[in-house]
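Below is one structure, written out as structure tokens; the observations come after it.
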Amino acid sequence: MYLVTVLGNLLIVLAVSSDSHLHTPMYFFLSHLSLADIGFTSTTVPKMIWDMHTYSRVISYGGCLTQMSFFMLFGCLDSLLLTVMAYDRFVAICHPLQYLVIMNPQLCGLLVFVSFFISLLVSQMHNSVVLQLTYFKDVKISHFFCDPSQLLSLACSDTLTNNIVMYFVGAISGFLPISGIFFSYYKIVSSILRIPSSSGKYKAFSTCGSHLSVVCLFYGTGLGVYLSSAASHSPRKGAVASMVYTVFTPMLNPFIYSLRNRDIKRAMQRLLSKTISVPVPSI
């Protein structure tokens, strides 16, 4: 599953970068989402595979903080990029004649940079709070990685601070992006309903289907696990749900975006044909 995730997302990145027909804002954001997915799943799965291979369940304190830091960075980046992609669909459907003017290369690059900067800020803010908390020397985490909510629940310090941090980070990386996505799709649906032809409505809805599928899968599991852990603790359910948004969702993204997208299919076919047709030099 990890190899499929990495190879599938790398194939999306290579297809977008190698095909000039895909040098558009939508595919620009999709390639960055694929890179974020690779980083997101690479923070947890390789360590889990190594632990299974060596029959070890130990991680150092520094390693745990590092894993949590990158987990927060790429998880928040995923969330913000999905919001940016919703805004891109909003402009494309509601303002089609001004799309290329509004979504110019400078704005696209700025949106990706701001998303990364906010994600880095959230990650470091979360780490700075965790570093100030007190822990026992040897603790057991009921998870397959250093999940931030699990780590905060093991602290010996005041639990009120833990809950405030969890809800604050959840608001920045979850509630605000979801609000932006809902607002974008509210405008999109209102605009689509005014289209007279049914074929036009279907075409407009089809451009948003893949994005909506990924949004529901990512937020439905990730945000639910992160916020519900503050009220109730169920390690088994939390681990299963975490597997969905840390492993399954990054793995399914390339399939969701490529199976119903003719442009991606054609770009992948051209990329594979070029790779196969490259002559091998004789020695």
Side-chain angles (χ1 to χ4, degrees), residues 29 32-45 47 59 61-88 108-133 135 141 143 145-155 157-184 214-215 217-231 238 241-242 244-247 249-250 253:
F29 296 132
H32 282 82
L33 179 68
S34 295
L35 289 174
D37 281 336
I38 293 174
F40 187 52
T41 191
S42 295
T43 60
T44 58
V45 177
K47 171 62 178 172
I59 186 171
Y61 180 68
C64 187
L65 291 178
T66 302
Q67 186 184 62
M68 185 187 66
S69 177
F70 282 104
F71 176 83
M72 291 297 301
L73 171 64
F74 290 113
C76 187
L77 184 58
D78 255 352
S79 176
L80 294 176
L81 286 176
L82 288 173
T83 309
V84 170
M85 294 174 73
Y87 174 72
D88 172 73
C108 294
L110 179 64
L111 288 173
V112 172
F113 174 77
V114 171
S115 299
F116 179 80
F117 179 77
I118 293 176
S119 302
L120 184 63
L121 187 65
V122 169
S123 174
Q124 295 308 308
M125 180 189 68
H126 197 282
N127 253 17
S128 64
V129 173
V130 170
L131 285 171
Q132 295 176 6
L133 300 177
Y135 296 91
I141 301 174
H143 222 294
F145 69 98
C146 289
D147 182 69
S149 59
Q150 291 280 335
L151 202 60
L152 287 172
S153 66
L154 294 172
S157 308
D158 185 16
T159 57
L160 178 63
T161 305
N162 303 346
N163 292 338
I164 291 175
V165 172
M166 290 172 64
Y167 282 116
F168 182 72
V169 173
I172 295 178
S173 60
F175 178 75
L176 293 179
I178 287 177
S179 301
I181 292 173
F182 271 124
F183 178 77
S184 297
V214 175
V215 166
L217 195 60
F218 180 80
Y219 283 111
T221 54
L223 190 62
V225 169
Y226 197 78
L227 293 181
S228 64
S229 60
S242 297
V244 175
Y245 76 89
T246 58
V247 181
T249 302
N253 281 357

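Heads up: numbering here begins at 1 and tracks the sequence. Just the heavy atoms: all of them, side chains too, but no hydrogens, waters or symmetry mates, feed the values below.
S123 places a side-chain N or O within donor-acceptor distance of the main-chain N or O of S69, the cut-off being under 3.5 Å. In terms of modelled atom types and a separation under 3.5 Å, the side chain of T41 and the main chain of T246 share a donor-acceptor contact. A donor-acceptor pair is defined here as one N or O able to donate and one able to accept, closer than 3.5 Å; no such pair exists between the side chain of S79 and the backbone of G75.
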Checklist line | Steps toward side chain to side chain contact (heavy atoms under 4.5 Å, CB included) verdict (T66, F70) | finding: CA-CA 6 Å; T66 302; F70 282 104; 3.7 Å; yes
Next item on the list: Apply side chain to side chain contact (heavy atoms under 4.5 Å, CB included) to the pair F145 and T43, showing each step before the final yes or no.
Entry: CA-CA 9 Å; F145 69 98; T43 60; over 6 Å; no
Check: For L82 and V214, what are the C-alpha separation, side-chain angles and deciding distance, and is it a side chain to side chain contact (heavy atoms under 4.5 Å, CB included)?
Finding: CA-CA 8 Å; L82 288 173; V214 175; 3.9 Å; yes
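Atom CG in D88 sits 11.5 Å away from atom CG in L81 (nearest 0.5 Å). Taken to the nearest 0.5 Å, the CG atom of L33 stands 5.5 Å off from the CE atom of M85.
At least one side-chain heavy atom of Y61 sits under 4.5 Å from a side-chain heavy atom of L65.
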Side chains of residues 113-120: which donor-acceptor partners sit under 3.5 Å, not counting sequence neighbours?
| unit_1 | atom_1 | unit_2 | atom_2 | d |
| --- | --- | --- | --- | --- |
| S115 | OG | L111 | O | 2.8 |
| S119 | OG | L77 | N | 3.0 |
| S119 | OG | S115 | O | 2.7 |

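Checking each of V247, D78, T249 against F40 for a side chain to side chain contact (heavy atoms under 4.5 Å, CB included) leaves exactly one that passes, namely D78.
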